[in-house]
Amino acid sequence: MKMLTQTDHEELLRLAALVRSSVLDTARDPEFDRVAEAAKTLFGAAAGMVTFVG
(Lines give C-alpha, C1' and ligand atoms only; values in the text may rest on other atoms or scores of the structure.)
Protein backbone atom coordinates (compact mmCIF):
# COMPACT_ATOMS: atom_id res chain seq x y z
CA MET A 1 0.00 0.00 0.00
CA LYS A 2 1.30 3.45 -0.96
CA MET A 3 2.02 5.96 1.79
CA LEU A 4 0.35 9.34 1.45
CA THR A 5 2.63 12.27 0.78
CA GLN A 6 2.13 15.62 2.47
CA THR A 7 0.60 16.89 -0.79
CA ASP A 8 -1.82 13.92 -0.90
CA HIS A 9 -2.85 14.59 2.69
CA GLU A 10 -3.39 18.31 2.03
CA GLU A 11 -5.49 17.51 -1.05
CA LEU A 12 -7.69 15.17 1.00
CA LEU A 13 -8.15 17.90 3.62
CA ARG A 14 -9.02 20.44 0.90
CA LEU A 15 -11.61 18.13 -0.65
CA ALA A 16 -13.10 17.32 2.75
CA ALA A 17 -13.47 21.05 3.46
CA LEU A 18 -15.29 21.53 0.16
CA VAL A 19 -17.67 18.67 0.97
CA ARG A 20 -18.36 20.13 4.44
CA SER A 21 -19.09 23.55 2.93
CA SER A 22 -21.97 22.07 0.88
CA VAL A 23 -21.17 24.23 -2.16
CA LEU A 24 -20.40 21.43 -4.60
CA ASP A 25 -23.10 20.47 -7.10
CA THR A 26 -25.52 23.14 -5.90
CA ALA A 27 -27.81 25.46 -7.80
CA ARG A 28 -26.50 28.77 -9.08
CA ASP A 29 -25.95 31.38 -6.40
CA PRO A 30 -26.70 35.01 -7.30
CA GLU A 31 -23.87 36.27 -5.05
CA PHE A 32 -21.29 34.11 -6.81
CA ASP A 33 -22.75 35.19 -10.15
CA ARG A 34 -22.21 38.84 -9.16
CA VAL A 35 -18.58 38.16 -8.18
CA ALA A 36 -17.95 36.36 -11.47
CA GLU A 37 -19.59 39.17 -13.45
CA ALA A 38 -17.53 41.78 -11.59
CA ALA A 39 -14.30 39.88 -12.34
CA LYS A 40 -15.30 39.58 -16.00
CA THR A 41 -15.97 43.30 -16.24
CA LEU A 42 -12.91 44.37 -14.25
CA PHE A 43 -10.52 42.36 -16.39
CA GLY A 44 -12.33 42.77 -19.71
CA ALA A 45 -12.61 38.99 -20.03
CA ALA A 46 -15.07 36.97 -22.10
CA ALA A 47 -16.14 35.02 -18.99
CA GLY A 48 -15.75 35.07 -15.22
CA MET A 49 -16.05 32.27 -12.70
CA VAL A 50 -15.72 31.46 -9.04
CA THR A 51 -13.58 28.47 -8.08
CA PHE A 52 -12.66 27.04 -4.71
CA VAL A 53 -9.06 26.15 -3.90
CA GLY A 54 -7.34 25.55 -0.62
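Predicted model, so just to flag it, every value in this text is computed and none were measured. Along the sequence shown, the residues carry numbers beginning at 1.
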Exercise for the section: State yes or no: do M49 and L18 share one hydrophobic cluster built from I, L, V, M, F, W and Y residues joined by side-chain heavy-atom distances below 4.5 Å, directly or via other members? Expected result: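 Hydrophobic grouping puts M49 apart from L18.
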
Handout entry: Cluster companions of L13 among Ile, Leu, Val, Met, Phe, Trp, Tyr (side-chain spacing under 4.5 Å)
Key =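 Under the 4.5 Å side-chain rule, L13 groups with nothing.
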
Exercise for the section: Report the hydrophobic cluster partners of F43, with the cluster defined as I, L, V, M, F, W, Y residues connected by side-chain heavy atoms closer than 4.5 angstrom, directly or transitively. Expected result: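 Traced through the cluster, F43 reaches L42.
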
Practice task
Kindly indicate, with the supporting measurements, whether the criterion side-chain contact (heavy atoms from CB on, under 4.5 Å) is fulfilled by L4 and L12.
Solution key: CA-CA 10 Å; L4 290 180; L12 288 172; 3.7 Å; yes

For [X], what residues pass the side chain to side chain donor-acceptor pair (under 3.5 Å) criterion, not counting sequence neighbours?
X: D33; value: R28
X: T5; value: D8
X: E31; value: none

Handout entry: By salt bridge (Lys or Arg N to Asp or Glu O under 4.0 Å) - contacts of E11 (at least two apart)
Key =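 If we apply the salt bridge (Lys or Arg N to Asp or Glu O under 4.0 Å) test to E11, skipping adjacent residues, the hits are R14.
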
Exercise for the section: Measure across V23 and F52 and return the closest heavy-atom pair with its distance rounded to 0.1 Å. Expected result: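 For V23 and F52, the tightest heavy-atom pair comes out as CG2-CE1, 4.1 Å.
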
